[in-house]
Amino acid sequence: MTTRDFIQERIDSLENRDVLLDVQNLKTYYPVTGGFFRRTIGHVKAVDDVSFTIRKGETLGLVGESGCGKSTTGRTVLRLMKPTGGKILFEGQEITKISGSKLQRARRDFQMVFQDPYASLNPMQMVGDIIAEPILNYEKRNKKELEQEIKSLLTRVGLPEAAYYKYAHEFSGGQRQRIGIARALALNPKLIVADEPVSALDVSVQSQVLNLLKELQIEFDLTYLFIAHDLSVVKHMSDRIGVMYLGSLVEVASNRDLYKEPLHPYTQALISAIPEPNTAIKKERIVLEGDVPSPQNPPTGCPFHTRCPMAMEICSKEKPPLKEVRPGHHVACVLY
Amino acid sequence: MLKYSIRRLLGMIPMLILISIVVFSLAKLMPGDSLSGEIDPNNTNPEYIAEMREKLGYNDPLPVQYFNWITGFVQGDFGKSTKYKRPAFDVIMEKVPNTLFLGIMSLIITYILAFMMGMYSGRKPYTLGDNAIAGINYIMLAIPSFVAAVFAIYFFAFNLNWFPFGGSVDILVETGSAEYYLSRLHHVLLPALVLGAMSTASYTQFLRNDIIENSRKDFVRTARAKGTPIKKIYNVHILRNSIIPLVTFLGFDFAALIGGAIITETIFTYPGIGMLFLDSVTNRDYPTLMALTMLLSFLTLAGNLIADLLYGIVDPRIRLE
Amino acid sequence: MKKNKSLLWLFALILVLSAFLAACGGDDGETTTPDPAEPADTEETDEDTEGAAEGEAQAGGTLVYGLDAPPEGLFSSAFYGIATDAEVIGIFDEPLIDYNENLEPVPNIASWETEDNKAFTFKFEEGVKWHNGEELTVNDWVFALETIASPDYDGPRYTNVSTIEGAEAFRAGEADSISGIEVVSDYEINITFDEARVNNLTNLWAYALPEAAMGDIPVAEMSASEFVITNPIGIGPFKVDKIVQGESVEFSKFEDYWNGDVNLDKIVLRVVDNSSVVGALQNGDIDMISLQPVSGPEVEPLENVEVITYPGLSYYYVGFKLGKFDNESQTIVEENPKYQNKQLRQAMMYALNRQEWVDAFFFGYANVVNAPVPSSHWNSADDSELNTYEYDPEQAKTLLDEAGYVDQDGDGFREDPNGDEFVVKFSHYATGNPTFESRAQAITQYFEEVGLKSELEMVEVNLYYDMIEKDDPAIETFFGGWGTGADPDPSGLWKADQLWNYPRYNNPEADKLLDDALNIDIVGTDQDKRTELYIEWQKIVNEDLPMLYIAELEEIVALNNRVGGVEYDVSGSNSPAEWFVTE
Amino acid sequence: MSAKNPLHNQTPLLQVENLQTGFKIDGDFYNAVEGVSFEVKRKQIVGVVGESGCGKSVMSLSIMQLLPPGIGKIRGGEVKFEGQNISELSDKKMNSIRGKDISMIFQEPMTSLNPVFTIGYQIEEVILNHEKISKKEARLRSVSLLKSVGIPRADKIVEEYPHQLSGGMRQRVMIAMAIACQPKLLIADEPTTALDVTVQAQILDLLKGIQEANDMAIILITHDLGVVAEICDEVLVMYAGKIVERATVDELFNNPKHPYTDLLMKAIPRMDQDVEVLATIDGLVPSVMNMPEVGCRFSNRCPAAMPSCMTVTPRLGEVGDNHVAACLLYENSWPADAKSQREGASMA
């Protein structure tokens with residue numbers, strides 16, 4: 001079976017599975033204060049009306065440049081942040097507004113893997129304790145049993161059992177990320193949000209972690225929301241990819257469709273900007289002018305119209321909705 | 001910036017009201033009242049005392065007393081010093097120029113010493129010179145100010161005869177003449193040195209560490225890559241950045257200097273706010289004491305405001321619109 | 001490095017500048033020496049050559065007078081509150097009536113006559129000039145008395161005029177003048193008191209105020225006026241040229257001084273912190289200064305300085321709280337049982353080695369006393385008439401045994417006669433002075449040596465006197481000190497109806513003796529008769545011991561050898577007019 | 001080298017010969033760069049790739065003599081710029097080269113600019129360091145430089161401070177500063193790593209444009225093989241302080257020889273290919289304090305390692321046209337002299 005067939009088969013099988021996470025019109029705003037009395041004078045619309053679904057066992061990639069709101073989306077989905085509007089349904093249950101112990105119980109099912117594995121590990125704690133902590137938050141466990149369980153988990157993520165007794169600073173970046181993954185896996189979650197899990201790692205280590213994440217997904221039937229700025233990595237990891245720009249999803253498609261036929265001008269520019277480690281390909285680059293506008297003061301209409309090479313008059317007036325223009329291929333652009 | 005300053009000044013008002021309530025309550029809680037100063041001590045006639053208490057408003061309910069005090073205060077009437085029998089405002093204002101002069105001189109001395117030593121140490125860390133400077137600094141920090149003051153007087157004033165041993169001016173020179181101002185400068189130098197040396201250590205070490213830290217920053221590498229001479233890098237690129245955190249110190253120093261001046265002023269018989277403060281505590285001169293406490297609180301707040309404004313000037317990153 | 005260098009230059013400049021200023025200071029020092037071009041009035045000399053300098057009095061020169069605490073700046077006899085201000089006033093002003101070495105009043109500007117100790121006639125010297133050129137007349141005295149008697153007066157001297165007939169009415173606003181004062185002429189005045197007392201004269205306020213200068217100032221504003229704060233006017237040998245608040249005063253010779261020649265050209269008064277006194281004396285930066293006892297041993301070895309002592313008017317004691325005072329009724333209303341046993345108090349007196357203690361903490365500048373009247377007062381009892389309570393721990397133990405204070409539980413300390421634990425709770429005031437705690441500890445040590453368990457508590461000084469005055473139960477035995485004035489009458493500190501009778505000593509027999517000594521019907525004008533009564537009283541309080549008398553202090557003065565003409569007795573120094581400096 | 005190389009006839013602009021740079025760790029020096037030799041010809045863009053800790057940044061700092069004083073030190077070898085050995089020049093003489101003949105830009109455009117000085121001041125400084133012109137002229141020059149690197153409102157930006165600019169703009173400012181004195185060589189140390197991909201494209205275009213316009217050579221240090229493929233003429237691959245492979249860019253990507261280079265390329269997820277499992281390189285780079293004295297430094301991670309890899313230190317040997325690699329797999333294709341050198345080295 002070729003890789004291509006494998007992927008096709010995977011896509012087909014996923015189509016029939018249940019939706020695990022359904023995000024509808026999600027908005028997350030930060031207040032901005034100012035003026036004489038430090039009143040809230042505006043909002044940074046970090047996430048502005050974003051909708052997507054993830055099926056069980058699927059990986060949805062979120063890609064975009066810094067400040068596009070992809071991390072905020074991830075955090076809001078995990079309810080690490082309070083959404084300003086919209087709905088988050090997890091296995092059909094609305095978790096948008098739950099709090100306290102209810103939220104605490106729900107969190108068992110979704111975990112996060114962070115970008116900087118070192119900063120997210122307590123330097124004073126033994127690795128074993130770091131991994132045991134989330135488990136002990138939910139249940140009382142026999143100490144010996146738990147230790148055994150954690151050791152096998154460590155082995156599973158490619159660390160020696162002896163790692164249990166060591167501290168985070170004794171590990172390399174890649175190994176620390178494995179610890180972070182082990183901690184996320186400890187509670188046997190259904191959804192893992194991985195926020196730039198490999199961007200701090202070297203290429204050779206990055207591939208190890210990416211491979212590990214893929215293996216684990218199949219082994220534990222995990223669902224991933226995979227967030228990264230590197231489109232190649234996202235494409236490698238994801239079944240479907242959402243492209244974000246200035247708080248909005250501008251395009252969602254399967255990874256092949258997205259690469260083969262990017263529809264949104266931003267996606268086209270993004271893909272063309274990626275330098276390929278292949279001198280045989282000489283791409284015609286679309287180099288965008290200028291910078292991403294400030295999310296505090298976003299342009300009216302289509303957020304991308306200020307830099308869009310194909311912008312028309314209407315683009316500055318109306319924000320185009322995300323709509324399905326081909327089967328499974330959604331885009332928010334007036335061109336379609 | 002103006003808007004910011006006004007907002008900060010307005011923001012100080014509730015703070016000052018709170019402080020004034022605390023100051024007033026503390027003064028009322030202190031043992032005895034200041035009747036001893038207001039009432040003829042030879043007349044222990046209870047009727048007379050009662051009459052005076054009534055007259056001085058000590059029998060009013062506390063909120064009324066507070067209100068009377070604070071309204072007077074806002075109008076510049078700080079009450080009458082029970083010890084000096086004069087308006088507390090006059091008594092304080094008489095001393096303010098001396099303390100201000102001493103404070104500014106000691107700040108200048110601190111800055112000169114700290115910059116010289118800090119820049120040297122920061123540029124040549126872990127050398128003999130750096131260690132020597134650190135040693136001197138910690139000794140200066142460790143010596144109690146009264147010991148330092150007495151030592152300075154015996155060494156510089158009595159042995160070397162360089163400075164007068166006390167006072168703020170030679171009374172024999174004509175007020176207002178050039179000689180008068182030289183004499184004032186001459187008198188303030190020694191106490192200012194003692195006072196300034198106390199805070200020099202923290203400034204020096206802070207500056208040193210900040211320079212070392214900054215010298216490892218990327219922009220230093222950039223400057224070197226541009227072919228900028230190392231001296232200029234230290235004296236312009238690094239120093240300019242290292243001054244920024246020092247500005248925060250200035251805010252605290254403003255009021256701390258006056259507090260720190262208590263002992264120095266007393267030993268040098270340099271009549272200023274510090275001496276007055278000590279005096280009014282021991283003599284239960286509550287009107288003066290309360291006015292001084294309010295003044296110091298205000299100075300602390302103002303010092304912080306000034307530091308914040310300066311911060312905006314020295315650090316373009318937080319420049320305020 | 002450019003910046004570094006400029007900083008270095010700045011620092012160097014400051015050093016150079018200060019060296020230059022130091023040189024200037026030296027020049028200033030030289031200007032204080034007499035100008036040789038000026039004719040020196042050396043022919044007229046004073047016979048009095050006591051003081052440090054040997055040889056004849058010289059005219060001219062500047063004397064630097066040190067003060068070890070800053071004056072408050074109320075430079076008027078009618079308004080001042082502390083001794084340092086009085087020292088300053090003493091240089092530019094004079095009383096109308098002076099006191100001799102026995103603290104008996106002697107005429108200065110005013111002389112007096114009285115028949116009955118009730119009505120007095122005072123006659124003033126003529127030609128006495130104020131520093132502003134006006135002549136002193138009796139009206140200036142009347143002005144002073146009426147100022148003090150005014151209801152708006154905020155100074156502490158009213159008791160010194162309250163006994164004048166009509167003063168109460170004047171103060172109450174019922175009269176426009178004080179009826180007991182009758183001006184006869186510019187130089188003669190009659191003053192009548194409300195009743196005949198033996199001490200009417202010593203109690204009377206004897207300083208004038210310059211009416212011409214101050215007459216227009218409302219009394220309430222007087223204490224803050226320029227004639228008190230910045231530009232005081234007196235009749236003394238020196239006039240005030242300049243005042244730098246809180247640190248120095250410049251005086252110059254008053255050419256129109258009424259009483260003979262003034263030797264010095266200038267007196268500069270400087271405040272010197274205690275820590276600098278020795279150095280300043282050694283360096284000749286100050287010529288004379290009153291010393292704290294602790295400085296004495298340091299100053300004595302200096303070759304250029306002489307240390308002079310003279311009897312003082314203050315004494316220290318350990319008081320017992322014997323009762324509780326009611327401020328409303330002005331009576332002692334309760335008795336504290338703990339120290340009522342006289343034998344206990346006497347035993348504690350024997351337990352104290354007062355001489356050793358005085359030598360240790362006052363460096364010999366104090367004398368042990370056995371009664372509360374300073375030995376300089378004419379009514380002081382001689383030690384031969386009193387029990388001197390020589391240090392005798394054995395006697396103390398015997399007395400305690402007799403009184404039933406014995407060690408019953410074998411812990412080394414005595415219990416009270418009921419067998420309950422007995423602890424001497426001793427309180428001492430705390431200031432910044434570190435020796436206070438050790439001297440207080442020494443006293444508890446003496447008590448413990450005779451088997452009395454003792455506890456020391458150091459109390460902040462302001463709080464301390466407040467607690468004592470209010471008979472706070474936390475104070476049981478306490479360390480204290482009193483300074484007395486020219487009037488030898490101890491009533492104010494000892495009678496049962498006085499707030500300042502801190503031990504709450506209540507002995508009607510003793511109180512009667514004090515009353516009798518002031519009763520003109522009993523003693524008349526006979527001082528011997530009064531002395532007899534006072535000695536009788538001292539015998540009683542020496543026996544009763546409501547307080548353990550410890551020591552009276554000596555006053556210590558350091559004088560530079562170049563200073564002459566300075567004399568001291570218990571009333572203080574002689575007139576500054578007689579002071580001189582030699583080169 | 002082969003005579004077919006069209007760049008071969010030019011005089012090298014920069015020659016690095018057997019460079020050894022040490023770092024002081026706990027009082028002892030350890031070489032972070034060990035015997036690196038290469039050339040940069042005029043107008044050439046040479047890419048240096050490798051993972052973190054491979055010594056690529058240390059090597060570039062050594063060329064500029066910008067090693068942290070007292071900590072980093074050139075311990076051997078030569079750096080020749082236009083034939084002159086600059087590795088032993090005094091700091092003062094180096095200052096006349098830095099910023100003028102050779103300039104450098106860095107990874108973090110935020111921290112690389114001094115936060116308290118205006119953009120204008122920082123650009124003028126480099127001009128005034130090397131040219132005797134008035135401040136006014138320098139100001140005019142900096143405005144036109146900012147324009148030339150594509151900064152809008154350049155006359156306003158000169159008065160602004162670094163924090164007021166976006167990351168891409170700051171990197172443009174850094175580039176403006178670096179080209180202010182028209183250097184012959186620009187060392188760009190990870191110039192686009194901190195930037196977003198669309199901005200990276202802008203910056204790479206800009207660098208390329210400037211290089212062509214100014215006839216400037218560039219040493220581009222990066223970990224991103226895509227960037228290298230994009231603009232470089234020649235590539236050096238570094239591993240553990242040494243150059244393991246060097247080739248023209250086409251040759252390297254089409255025909256990687258060293259197992260490390262090969263794995264590196266296969267470990268990257270790529271847009272143009274669908275791969276289910278990425279290649280990985282197991283194990284860790286030996287730490288600089290525990291570098292094996294002999295043998296190939298990659299041998300502990302190399303899937304093709306042979307027993308001799310642990311004992312024989314490979315030297316760079318020709319493996320193709322303009323293509324050298326340091327690997328024993330190709331020792332048979334080495335010219336005789338290199339082989340004998342290798343044997344001599346292994347015997348020593």
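Values below: all heavy atoms of this structure, side chains included; hydrogens, waters and symmetry mates excluded.
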Peer 1: Please confirm whether the backbone N or O of A:S66 pairs with a side-chain atom of D:D196, one donor and one acceptor, at under 3.5 Å?
Peer 2: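 Side chain of D:D196 to backbone of A:S66, a donor-acceptor pair under 3.5 Å: yes, one is there.
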
Peer 1: Where does A:N278 contact chain D at under 4.5 Å (heavy atoms): side chain, backbone, both or neither?
Peer 2: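 Contact with chain D involves both backbone and side-chain atoms of A:N278.
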
Peer 1: Is it true that atom NZ of D:K266 has more than 12 heavy atoms of other residues, nucleotides or ligands lying nearer than 6.0 Å?
Peer 2: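 Open: at most 12 neighbouring heavy atoms sit under 6.0 Å from NZ of D:K266.
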
Peer 1: Would you name the heavy atoms of A:S204 and D:A267 that are closest together and state the gap between them?
Peer 2: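 Nearest heavy atoms, A:S204 then D:A267: CA-CB, 4.5 Å.
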
Peer 1: Answer with side chain, backbone, both or neither: which region of D:V197 has an atom nearer than 4.5 Å to a non-hydrogen atom of chain A?
Peer 2: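 Its backbone and side chain both get close to chain A.
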
Peer 1: Any idea which of A:R285, A:H229, A:M237, A:E289 has the most non-hydrogen atom pairs under 4.5 angstrom with chain D?
Peer 2: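 So the answer, after comparing A:R285, A:H229, A:M237, A:E289, is A:R285.
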
Peer 1: Answer whether the closest heavy-atom distance between the side chains of D:P269 and A:K235 falls below 4.5 Å.
Peer 2: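 Not in contact.
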
Peer 1: Are any of the side-chain heavy atoms of A:K214 and D:V277 separated by less than 4.5 Å?
Peer 2: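 Heavy-atom side-chain distance check fails, nothing below 4.5 Å.
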
Peer 1: Which bit of A:V233 comes within less than 4.5 Å of chain D, counting heavy atoms only: side chain, backbone, both or neither?
Peer 2: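 For A:V233, the contact with chain D is made by backbone and side chain together.
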
Peer 1: Quick one: what part of D:E51 sits under 4.5 Å from any heavy atom of chain A, side chain, backbone, both or neither?
Peer 2: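 Looking at D:E51, backbone and side chain both touch chain A.
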
Peer 1: Without swapping roles, check the side chain of A:S207 against the backbone of D:A279 for a donor-acceptor pair under 3.5 Å.
Peer 2: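 Answer holds: yes.
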
Peer 1: Below 4.5 Å from any heavy atom of chain D, which atoms of A:E215 appear? Answer side chain, backbone, both or neither.
Peer 2: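 Contact with chain D is absent: no heavy atom of A:E215 under 4.5 Å.
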
Peer 1: Step through the shown structure and confirm whether more than 12 heavy atoms of other residues, nucleotides or ligands are within 6.0 Å of NZ on D:K208.
Peer 2: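 Check passes, neighbour count above 12.
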
Peer 1: One pair to check against side-chain contact (heavy atoms from CB on, under 4.5 Å): D:R270 and A:S232. What are the steps and the verdict?
Peer 2: CA-CA 5 Å; D:R270 291 168 66 160; A:S232 326; 5.8 Å; no

Peer 1: Let's test your reading of the structure: which of D:L284, D:D272, D:D282, D:L225 forms the most heavy-atom pairs below 4.5 Å with chain A?
Peer 2: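 The answer is D:D272.
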
Peer 1: If I measure from the heavy atoms of chain D, does A:I286 come under 4.5 Å with its side chain, its backbone, both, or neither?
Peer 2: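 Neither part.
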
Peer 1: Might you point out which heavy atoms bring A:D291 and D:S166 nearest each other, and give the distance in Å?
Peer 2: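 Closest pair (atom of A:D291, atom of D:S166, distance): OD2-OG, 2.5 Å.
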
Peer 1: Contact part of A:I274 toward chain D, heavy-atom cut-off under 4.5 Å: side chain, backbone, both or neither?
Peer 2: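 For A:I274, heavy atoms of backbone and side chain both lie under 4.5 Å from chain D.
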
Peer 1: Given heavy-atom pairs under 4.5 angstrom as the criterion, report whether the side chain, backbone, both or neither of A:Q206 touches chain D.
Peer 2: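 Only the side chain of A:Q206 comes within 4.5 Å of chain D.
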
Peer 1: With a 4.5 angstrom heavy-atom cut-off, which part of D:M265 approaches chain A: side chain, backbone, both or neither?
Peer 2: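 Contact with chain A: none, neither part.
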
